[in-house]
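In this chain, residues are counted from 1 in sequence order.
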Amino acid sequence: MPAVVVHDAAQAAAALALAGPGGVLLLSAPGAAGSLGAAWFLALVRRAAEGAPGVPHAAALDCAEAPGHALAALREGARLVVLDPACPAFPAVAAAAAEIGAAVLPARPPALDLRDLDLRRPGGRAKLARWLSHAG
(Lines give C-alpha, C1' and ligand atoms only; values in the text may rest on other atoms or scores of the structure.)
Protein backbone atom coordinates (compact mmCIF):
# COMPACT_ATOMS: atom_id res chain seq x y z
CA MET A 1 0.00 0.00 0.00
CA PRO A 2 1.64 3.29 -1.04
CA ALA A 3 2.13 5.82 1.74
CA VAL A 4 1.58 9.57 1.77
CA VAL A 5 2.34 11.99 4.57
CA VAL A 6 -0.77 14.03 5.30
CA HIS A 7 -0.89 17.23 7.33
CA ASP A 8 -4.60 18.05 7.09
CA ALA A 9 -7.97 16.61 6.17
CA ALA A 10 -7.90 18.03 2.62
CA GLN A 11 -4.67 16.17 1.88
CA ALA A 12 -6.05 12.95 3.33
CA ALA A 13 -9.23 13.34 1.28
CA ALA A 14 -7.25 13.93 -1.91
CA ALA A 15 -5.10 10.86 -1.27
CA LEU A 16 -8.18 8.72 -0.73
CA ALA A 17 -9.88 10.15 -3.83
CA LEU A 18 -6.88 9.28 -6.00
CA ALA A 19 -6.05 5.92 -4.40
CA GLY A 20 -6.47 2.94 -6.64
CA PRO A 21 -7.76 -0.47 -5.67
CA GLY A 22 -4.59 -1.08 -3.63
CA GLY A 23 -5.54 1.78 -1.33
CA VAL A 24 -3.30 4.20 0.52
CA LEU A 25 -1.49 4.42 3.83
CA LEU A 26 -2.10 7.82 5.42
CA LEU A 27 1.04 8.58 7.41
CA SER A 28 1.36 11.39 9.94
CA ALA A 29 4.23 13.83 10.02
CA PRO A 30 7.28 12.65 11.99
CA GLY A 31 6.60 12.81 15.72
CA ALA A 32 3.01 14.00 15.21
CA ALA A 33 1.79 11.94 18.17
CA GLY A 34 3.71 14.26 20.48
CA SER A 35 2.70 17.52 18.86
CA LEU A 36 -0.82 17.02 17.54
CA GLY A 37 -1.92 13.89 19.37
CA ALA A 38 -3.60 10.67 18.40
CA ALA A 39 -7.18 11.95 18.69
CA TRP A 40 -6.51 14.73 16.19
CA PHE A 41 -4.87 12.43 13.63
CA LEU A 42 -7.48 9.70 13.95
CA ALA A 43 -10.29 12.25 13.57
CA LEU A 44 -8.60 13.65 10.45
CA VAL A 45 -8.44 10.17 8.92
CA ARG A 46 -12.04 9.35 9.92
CA ARG A 47 -13.31 12.59 8.38
CA ALA A 48 -11.46 11.96 5.13
CA ALA A 49 -12.59 8.32 4.96
CA GLU A 50 -16.25 9.33 5.36
CA GLY A 51 -15.94 11.12 2.03
CA ALA A 52 -14.45 8.06 0.32
CA PRO A 53 -16.46 5.04 1.45
CA GLY A 54 -15.02 1.74 0.37
CA VAL A 55 -11.54 3.05 -0.44
CA PRO A 56 -8.97 0.75 1.18
CA HIS A 57 -6.75 2.67 3.55
CA ALA A 58 -4.74 2.47 6.72
CA ALA A 59 -3.40 5.17 8.99
CA ALA A 60 -0.03 5.25 10.74
CA LEU A 61 0.74 7.71 13.52
CA ASP A 62 4.42 8.51 14.05
CA CYS A 63 5.29 8.41 17.74
CA ALA A 64 9.05 9.06 17.28
CA GLU A 65 10.86 7.60 20.30
CA ALA A 66 7.99 8.10 22.76
CA PRO A 67 6.46 4.81 23.96
CA GLY A 68 3.91 6.70 26.07
CA HIS A 69 2.57 8.41 22.96
CA ALA A 70 2.43 5.06 21.16
CA LEU A 71 0.46 3.45 23.99
CA ALA A 72 -1.87 6.45 24.18
CA ALA A 73 -2.44 6.22 20.42
CA LEU A 74 -3.31 2.54 20.73
CA ARG A 75 -5.79 3.37 23.52
CA GLU A 76 -7.34 6.03 21.26
CA GLY A 77 -7.93 3.41 18.57
CA ALA A 78 -4.84 3.62 16.37
CA ARG A 79 -4.07 0.30 14.75
CA LEU A 80 -0.69 1.24 13.28
CA VAL A 81 2.00 3.36 14.94
CA VAL A 82 5.61 4.12 14.12
CA LEU A 83 8.05 3.88 17.03
CA ASP A 84 11.84 4.11 17.03
CA PRO A 85 13.14 0.55 17.55
CA ALA A 86 16.02 1.93 19.67
CA CYS A 87 13.42 2.83 22.30
CA PRO A 88 13.92 0.40 25.23
CA ALA A 89 10.15 -0.07 25.52
CA PHE A 90 9.73 -1.03 21.84
CA PRO A 91 9.19 -4.77 22.54
CA ALA A 92 6.61 -4.03 25.24
CA VAL A 93 4.72 -1.58 23.01
CA ALA A 94 4.81 -4.07 20.12
CA ALA A 95 3.43 -6.78 22.41
CA ALA A 96 0.67 -4.48 23.66
CA ALA A 97 -0.21 -3.59 20.09
CA ALA A 98 -0.31 -7.24 19.03
CA GLU A 99 -2.72 -8.04 21.88
CA ILE A 100 -5.31 -5.69 20.38
CA GLY A 101 -4.67 -6.52 16.73
CA ALA A 102 -2.54 -3.44 16.08
CA ALA A 103 1.04 -3.17 14.85
CA VAL A 104 4.15 -1.12 15.49
CA LEU A 105 6.39 -0.17 12.59
CA PRO A 106 10.09 0.20 13.43
CA ALA A 107 10.59 2.76 10.65
CA ARG A 108 8.58 5.11 8.50
CA PRO A 109 7.75 3.58 5.12
CA PRO A 110 8.80 5.42 1.96
CA ALA A 111 6.17 8.10 1.44
CA LEU A 112 5.30 11.15 -0.62
CA ASP A 113 5.03 14.15 1.71
CA LEU A 114 2.08 16.30 0.65
CA ARG A 115 3.23 19.34 2.68
CA ASP A 116 4.62 21.24 -0.31
CA LEU A 117 2.38 19.76 -2.99
CA ASP A 118 -0.43 22.05 -4.19
CA LEU A 119 -3.29 19.60 -4.64
CA ARG A 120 -5.55 22.36 -5.98
CA ARG A 121 -3.48 22.37 -9.16
CA PRO A 122 -3.57 19.63 -11.79
CA GLY A 123 0.21 19.16 -11.55
CA GLY A 124 0.05 18.47 -7.82
CA ARG A 125 -2.80 16.02 -8.19
CA ALA A 126 -1.00 14.32 -11.10
CA LYS A 127 2.16 13.86 -8.99
CA LEU A 128 0.10 12.33 -6.19
CA ALA A 129 -1.74 10.04 -8.62
CA ARG A 130 1.59 8.88 -10.12
CA TRP A 131 2.96 8.13 -6.66
CA LEU A 132 -0.15 6.19 -5.69
CA SER A 133 -0.07 4.13 -8.86
CA HIS A 134 3.65 3.28 -8.79
CA ALA A 135 4.69 3.24 -5.12
CA GLY A 136 4.48 0.29 -2.82
Side-chain angles (χ1 to χ4, degrees):
M1 187 175 283
V4 295
V5 179
V6 296
H7 302 272
D8 60 39
Q11 291 174 349
L16 287 167
L18 295 172
V24 62
L25 172 63
L26 302 172
L27 179 62
S28 76
S35 59
L36 299 170
W40 176 86
F41 183 69
L42 295 173
L44 176 151
V45 171
R46 253 190 320 275
R47 193 167 38 249
E50 287 170 358
V55 175
H57 68 281
L61 179 61
D62 191 314
C63 300
E65 68 284 341
H69 292 306
L71 291 170
L74 294 169
R75 280 192 300 275
E76 287 281 338
R79 291 295 162 252
L80 189 59
V81 296
V82 180
L83 183 64
D84 185 338
C87 168
F90 185 91
V93 173
E99 284 183 21
I100 61 168
V104 179
L105 299 177
R108 293 172 63 81
L112 175 66
D113 193 332
L114 301 183
R115 177 180 305 265
D116 297 321
L117 200 59
D118 187 348
L119 297 173
R120 297 168 298 179
R121 298 190 181 279
R125 292 181 73 79
K127 184 173 182 177
L128 174 56
R130 276 192 308 277
W131 173 263
L132 292 171
S133 68
H134 296 296

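Separation of atoms CG (L18) and CG (L128) is listed at 5.0 Å; rounding is to 0.5 Å. Between R120 atom CZ and R125 atom CZ the span is 11.5 Å, to the nearest 0.5 Å. Between atom CG of residue D84 and atom CD of residue E65 there is a gap of 6.5 Å, rounded to the nearest 0.5 Å. To the nearest 0.5 Å, atom CD of residue E99 and atom CG of residue L74 are 10.5 Å apart. Atom CZ of residue R79 and atom CG of residue L42 lie 9.0 Å apart, to the nearest 0.5 angstrom.
Nearest heavy atoms, V82 versus A107: CG1-C, 3.9 Å. The heavy-atom pair separating V4 from A15 by the smallest distance is CG2-CB, 3.7 Å. L61 and A73 make their closest contact through CD2-CB, 3.7 Å (heavy atoms, listed as atom of the first residue, atom of the second, distance). Nearest heavy atom pair, residue C63 against residue A70, reads SG-CA, 3.5 Å. In terms of heavy-atom proximity, V93 sits nearest to P67 at CG2-CB, 3.8 Å. The two residues A48 and A9 have their closest heavy-atom pair at CB-O, 4.2 Å.
Exactly one of L117, L112, D113 qualifies for a side chain to side chain contact (heavy atoms under 4.5 Å, CB included) with R115. That residue is D113.
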Determine all donor-acceptor pairs shorter than 3.5 Å in which one atom belongs to a side chain in residues 19-41; sequence neighbours excluded.
{"from": "S28", "atom 1": "OG", "to": "D62", "atom 2": "N", "distance (Å)": "2.8"}

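R47 meets the side-chain hydrogen bond (donor to acceptor under 3.5 Å, both in side chains) test with no other residue; sequence neighbours excluded.
Side-chain contact check for L83 versus L105: every heavy-atom pair is 4.5 Å or farther apart.
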Query raised in the report: Going through the checks in order, is the side chain to side chain contact (heavy atoms under 4.5 Å, CB included) test met by V45 and H57?
Result: CA-CA 9 Å; V45 171; H57 68 281; 4.1 Å; yes

Report task. Please step through side chain to side chain contact (heavy atoms under 4.5 Å, CB included) for the pair V104 and F90, ending with a clear verdict. Result -> CA-CA 8 Å; V104 179; F90 185 91; 3.4 Å; yes

Query raised in the report: side chain to side chain contact (heavy atoms under 4.5 Å, CB included) between H69 and V81: does it pass, once the steps are laid out?
Result: CA-CA 9 Å; H69 292 306; V81 296; over 6 Å; no

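Although no hydrogens or angles enter the test, the distance criterion places no donor-acceptor pair under 3.5 Å between the side chain of E76 and the main chain of A72.
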